[in-house]
Amino acid sequence: MRITCLIYFLLITCAAIAQAGMDTVPPAKKRFVRAGSELVVTELLPWSYNRFARQAEFAKVNFASIGHNLQPNSWEWDDNSFQTNQFAHPYHGNLYYSSFRTNGYSFWQSAPAAFAGSFLWEIAGETHNPAPNDFINTALGGISLGEITYRLSNKIVNNRRSGAQRQFQEIMALLVNPLNGVNRIINGDWGRIYGPVTDSSGEPITGLFTVGIRHFNIHTQQQYINGNNELYVRLRLNYGNKYKVSNIPFQHFSFQLEAGGGDSAYLNTVQVTGALKTWTLQEDSNQVHLYSVTMNYDFIKNNAFEYGGQSFTFKILSDWRKQHRTKLYTEIGSGIVVLGAIPDKYLYYGEGRNYDYGPGIHLTASATAVIENRLTIELNYKGSRFESVNGNNASFILNTLSAEVRATVFKNLLLAAGVGQYTLNGFYRKGLKNVSEIYPFGRFSIGLQL
Ligand SMILES: *[C@@H]1O[C@H](CO)[C@@H](O)[C@H](O)[C@H]1NC(C)=O
Ligand SMILES: *[C@@H]1O[C@H](CO)[C@@H](O)[C@H](O)[C@H]1NC(C)=O
């Protein structure tokens with residue numbers, strides 16, 4: 001699992017560095033049979049591995065187990081670890097989604113494939129009872145991850161290049177979205193040079209790659225733990241223009257990936273925020289204010305803290321100084337968390353289930369100032385409230401505050417410093433003591449503007 005995460009991280013990093021390509025022509029033709037077959041193959045591969053290589057009991061699926069799993073009262077929350085439920089399952093869902101997305105179907109047409117694939121796996125992929133958490137995380141997380149990997153893989157391939165450079169691009173794109181690569185091979189698009197420049201989306205992409213030192217502490221009522229300094233790498237990508245009106249999902253998205261030398265996990269952050277729809281609230285020559293609905297995927301796991309969730313946010317985006325060299329952007333919004341995984345220190349069972357599941361609501365606000373294109377100051381706040389539906393009977397308030405300053409020192413090179421904290425308050429019923437915990441963090445890094 002750790003190795004897979006690390007490899008995945010490195011590949012995406014390389015892919016991002018290798019980007020600068022044009023989009024390829026989207027396959028206009030919808031290929032239902034191939035899409036459906038690929039979806040079935042993405043289910044059969046892990047099942048065969050479990051069944052024949054691992055000889056796992058839970059993979060011995062038969063008519064009786066399927067019949068049992070089809071009954072509505074068979075559904076049961078599972079006991080898997082945080083990484084399995086909040087990252088591995090969404091990653092698998094990304095393949096279900098991609099089986100349709102890379103065969104000519106749009107975002108909305110491919111989304112049901114993520115739900116169908118997830119349902120099929122829960123019912124017939126294992127003998128285990130189907131789990132509602134898996135169904136939701138696989139489907140919603142799969143859509144977010146599937147759409148960004150599809151768009152990034154298309155960005156990597158420049159269809160006018162040839163030779164070794166093109167082969168490298170094709171391989172990188174295949175690693176970012178395997179089904180897109182497979183379909184490019186089947187379609188004869190692999191390495192093919194198109195005549196005219198046929199950039200399908202033309203969406204710009206910018207990024208920030210940083211390497212640095214970070215530090216997490218833990219303050220609870222009982223203890224005060226001073227964490228270690230850890231080396232980390234982080235990649236942030238911004239695809240498309242956030243301030244552009246659009247009805248097409250994910251014409252803008254931001255993506256953040258962080259990995260580091262913690263001792264509980266190497267993959268520390270995967271966050272996706274994709275705009276489903278953006279429309280104008282008010283615009284004049286110097287300001288623009290837009291409404292935007294975003295779909296979000298969060299995976300945060302480090303030595304001090306973990307949080308995972310699938311959510312939707314309605315926000316107002318403002319660009320206050322369109323004409324000026326010094327910019328000010330703000331965002332304010334609110335939304336729902338369809339399902340959040342919140343750390344619970346009283347819980348530990350199964351494969352390492354140490355978190356509660358529950359839906360929630362959230363508020364978010366952020367401000368970014370860019371001074372003369374050289375100095376960026378970013379402030380972010382997010383507050384959420386959850387009501388657990390599985391685990392301990394509790395409700396939680398999670399507040400996240402962070403600030404970062406980045407200064408360009410030479411060409412694309414920059415220095416960054418940031419501080420922040422997660423504050424978790426848990427209110428337990430059934431005699432467990434309430435918790436109030438603070439997880440402050442700090443980081444210092446050197447980065448490259450991509
Ligand atoms: C949780 O606690 C509330 C309030 O005491 C109660 O109404 C509810 O039934 C409890 N739920 C469970 C699953 O125990
Ligand atoms: C936990 O917090 C709730 C809400 O503030 C309160 O009603 C409850 O009494 C607290 N429980 C304990 C054990 O202090």
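Keep in mind the model is a prediction, meaning the values are calculated, not measured. Whatever order the structure lists ligands and atoms in, that order sets their numbers, starting from 1.
- Looking from atom 5 (O) of ligand 2 to the surrounding protein, the closest heavy atom is Phe427 CD2, 3.9 Å.
- Distances from atom 11 (N) of ligand 2 to the protein include at least one heavy-atom value under 4.0 Å.
- Glu351 places a side-chain N or O within donor-acceptor distance of the main-chain N or O of Ser81, the cut-off being under 3.5 Å.
- Between Tyr428 and ligand 2, no pair of N/O atoms sits closer than 3.5 Å.
- Considering only non-hydrogen protein atoms, atom 3 (C) of ligand 2 sits nearest to Asn434 ND2, 3.6 Å.
- When the options Arg443, Arg236, Lys301 are evaluated for a salt bridge (charged side-chain N to carboxylate O under 4.0 Å, His left out) with Glu258, the one that passes is Arg443.
- A salt bridge between Glu404 and Arg234 is present, with a side-chain N of the basic residue lying under 4.0 Å from a carboxylate O of the acidic one.
- Scanning the protein heavy atoms around atom 13 (C) of ligand 2, the nearest turns out to be Leu432 O, 4.2 Å.
- The two residues Trp320 and Gln287 come nearest to each other via the heavy atoms O-CG, 3.5 Å.
- Residues Lys155 and Glu203 are not paired through a salt bridge, judged by the lack of any N-O separation under 4.0 Å between the basic side chain and the carboxylate.
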